[in-house]
Amino acid sequence: MAYRARHGIAPADVALAVVVQRMVDADAAGVMFTANPTNGRRDETVVSAAWGLGESVVSGAVTTDDAVVSGGRVTSRTTADKAVMTVATGAGTVEQPVPDADRGRAVLSDADVVALAALGERIADHFGAPQDVEWARGPDGFAIVQSRPITALPEPETAPPTDWSVPDGALYARASIVEQLPDPLTPLFEELIDPAVTRSLTAMVREFLGEDVLADGDIGLPTVNGYAYYRYTRAAMWRMTSRTVSAVRLILGRGDDGAQARWRDRAHPAYVEAVARWADRPLAGLSIPELLDGVEELLGAGATYYTAVQTIIPIAASSEILLTRFYETAVRRDGDPPAATLLLGFDSAPLRAERSLYTIAGWARGHDALATVLLADHPAAALLDPAHPLGGVDPAVWREWTDRFHAHLRAHGHTVYNLDFANAVPADDPAPLLDALRFFLRGEGADPVERQRRSAARRDETAAAVRGRLDPLRRNLFDRLLRWAQSAAPLREDALADIGLAWPHLRRLLREIGGRLVGAGTIVAADDVYWLRSAEILAPPQDRSADVAARRAQWRGRRRATPPGLLPQGSRWEAMERFMPTATTEQTGPVIRGVGASAGQVTAPARVLGGPADFGRMRSGDVLVASITTPAWTPLFAMASGVVTDVGGPLSHSSIVAREYGIPAVLGTAVATRRITDDERIRVDGDAGTVTLLDAPDTPDADAATRRISGPAWPGLVVAGAAVGAVALLVRRRRRRS
């Protein structure tokens, strides 16, 4: 009625329309999609054809011939065995067998298919959108009987890359910071992160190993098919390896000289200060070049901080490795818990964040109207607007709710899901946190305070029992190793949790730039800024929407690939595979192999999560399957019965948190998110390091990846050398003192 009123049409002027068309006396018919409905590619037309009238095609009674046209030629086609066709009679239509001579013969020639595709292109241009076209071929040629927009057309994507060759003989390794970059990088982040990491890593190596260790171009963070890799020249690798013992002494130094003091007293305060310079800074008066300078400054500060964290991680890793080896070989008896029990129950930033959410949920349960609103499907912005209570909630209660949650975001909203700054953090997209809060609000999940108390009690009881039965020599060494490992374990998680301190401010600067580029007609949406390069941002305004669309499509294609952990493939560097945080080969068959990072077995449905936008799909008892997990994922562990990741090892965040929750974890599979589907039943064996696909066909376990020991997250061979050197140095030190 509103439409009629706007256009001056009286109600009686319009009635139900009936379309009457003359039937085409067709010898062939079918459908045509002017964009490929399978992969979304707008440069491909798909034509399906069968003999007779189109009714058999629409009803699905016949398997059609299919052809794909691109660039004015047929790029692929299949010719089906067409058993039946629909034909017209004087009284209607009937279905009859296709003559034997025509069953396996192509309905359309290549020239026919190309001609139809050209007609389809004209139709799509006319309507301004990809079309689903029904056609028939009669005595007078092709006739179009219907055209409508294609529904649910996927975004276009390119084919996944297959060429992983690199231009030189250097080592390319997906380790350390790369573990938090599981996807191909967006163009702007790719451009800016390489020089930032190269500068900070070069400074760290020269500080610990000497000014003469690295020459220009020796190290970097380039991409291969969009995936980030650490790159080291062969000469740099040998020079760094020869200085490993010196680096270990500096890292293990005590007092003001050690890595822990360096991180606590220098790196962390410097990062906080750099972020504070941009916090709440008015942006309206800054030019786009000044805003981009701010992005580079903050990203550089983040890279420098992460490099400092890399001196903390070998300490935590080495101390845990050495404690575990000593415990397993000289202490543990049948029935004793694993060594990891001795490192559980300590406080850390991810656990504090979980406790905060749990406490907010517990408070909200005491206010029925508020709990009802929070459990409903309201947008995050509406739920966190302090001025507009929803659902009749008392304004004072609503104000307290929003104050509590905003305080949580101020404390923990900078944790990153993925270091590429195109990915939102909780501070600017709290929806995933609200999903986790609803889990606690429904009364699901264990009390984190009680869980941590029980873990601490088991830890202390185990340590006391061990000490009570050891001779003085072994007890002294056990005490020293235990103190070292227990002091380092929570420090690692605290250091990693603050990597994203700059990210909310980085994204605020980039949103400002994006908004201005939208106003100038350069891009369509502010988030398109991540798909530009700095020169394009600074150039005179020009429509870049086609470039953005092409880069997004390329990114989606690249994301379907499994990047090798080490490059070049088939080289002498493959001996280092055992230190990589991910498998380096594809895996087929019903058993996926990885690293057993938390003990135990569980059989449950899988929940494959691509990122924080999927958090709301997680259900209690699911096995969490993800590419990686960072501290921002911790609330989901309360729901999970097990954890499986593409990237990670026994010393990664996933394993540490899984052990805290007492759930099995298999990490570093490389292919879990591509091989496992939602709701598929899987068996996770954290002892054997395997994931069995129970719904998969019983096929041989071919091309299984070799079991690996994931090394500490320090780039390249220096990682392995520093960790092994630290262990050896400490053993000698303990022996001399004993």
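Hydrogens, waters and symmetry mates play no part in the numbers below; they use all other heavy atoms, side chains included. None of these values were measured; they are calculated from a predicted model.
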Checking [X] now: which residues fulfil salt bridge (Lys or Arg N to Asp or Glu O under 4.0 Å) with it, not counting sequence neighbours?
X	result
R607	D622, D678, D679
D110	R77
D102	R105
D614	R617

Check for a donor-acceptor pair, side chain of [X] on one end and backbone N or O of [Y] on the other, with a separation under 3.5 Å.
X	Y	result
R507	F421	yes
T75	V68	yes
D428	V425	yes
D25	G138	no
T522	R544	no
T645	V647	yes
R174	P564	no
Y227	T562	no
W555	P184	yes
R675	P590	no

Side chains of [X] and [Y] in contact at under 4.5 Å (non-hydrogen atoms):
X	Y	value
L119	R122	yes
T63	D81	no
P99	M85	yes
V671	I592	yes
L108	L116	yes
V666	T690	no
D132	I150	yes
S48	M32	no

Quiz item: Does R533 have any side-chain contact (heavy atoms from CB on, under 4.5 Å) partners at least two apart in sequence or in another chain, and if so, which?
Solution: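 With neighbours one apart ignored, the set is P187, E191, E536, R551.
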
Nearest heavy-atom neighbours spanning [X] and [Y]:
X	Y	answer
D420	L181	N-CD2, 3.4 Å
T34	P130	OG1-CA, 3.3 Å
F439	A638	CZ-O, 3.8 Å
T64	A80	O-CB, 3.5 Å
V62	V84	CG2-O, 3.6 Å
N225	D163	ND2-O, 2.9 Å

From [atom1] ([X]) to [atom2] ([Y]), nearest 0.5 Å:
X	Y	atom1	atom2	answer
R683	L694	CZ	CG	5.0 Å
E134	R148	CD	CZ	6.5 Å
L441	D435	CG	CG	12.0 Å
L419	Q180	CG	CD	4.5 Å
T692	R593	OG1	CZ	8.5 Å
S627	D183	OG	CG	6.0 Å

Exercise. Quick one: do L532 and L188 satisfy side chain to side chain contact (heavy atoms under 4.5 Å, CB included)? Show the steps, please.
Key: CA-CA 6 Å; L532 299 179; L188 186 60; 5.9 Å; no

### Task
Output every pair passing ring-ring contact (aromatic ring centres under 6.0 Å, His included) with a member in residues 129-152, not counting sequence neighbours, ordered by first then second residue.
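Every pair satisfying ring-ring contact (aromatic ring centres under 6.0 Å, His included) with a residue in residues 129-152: W135-F142.
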
Test side chain to side chain contact (heavy atoms under 4.5 Å, CB included) applied to D646 and I628, step by step: CA-CA 6 Å; D646 293 339; I628 58 166; over 6 Å; no

Mark yes when over 12 heavy atoms from residues, nucleotides or ligands other than E121 sit less than 6.0 Å from its CD; otherwise mark no.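 Not more than 12 within 6.0 Å, no.
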
**R438, CZ atom: more than 12 neighbouring heavy atoms under 6.0 Å** =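 Above 12, so yes.
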
Tell me which one of V608, T629, V684 satisfies side chain to side chain contact (heavy atoms under 4.5 Å, CB included) with L624.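 One option only clears the test, and that one is T629.
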
**Request:** Under the side-chain hydrogen bond (donor to acceptor under 3.5 Å, both in side chains) rule, what do Y530 and R552 come out as? Steps first, then yes or no, please.
**Result:** CA-CA 10 Å; Y530 302 113; R552 286 182 183 271; over 6 Å; no

Exercise. How about D65 and T79: does a side-chain donor come under 3.5 Å of a side-chain acceptor?
Worked result: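 Absent: no donor and acceptor within the cut-off.
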
- Message: Apply side chain to side chain contact (heavy atoms under 4.5 Å, CB included) to residues L609 and L636 and explain how you reach the verdict.
- Response: CA-CA 11 Å; L609 304 184; L636 297 189; 3.6 Å; yes

Worksheet item: Where do I144 and V133 land on the side chain to side chain contact (heavy atoms under 4.5 Å, CB included) test, with the steps shown first?
Response: CA-CA 7 Å; I144 303 301; V133 179; 3.8 Å; yes

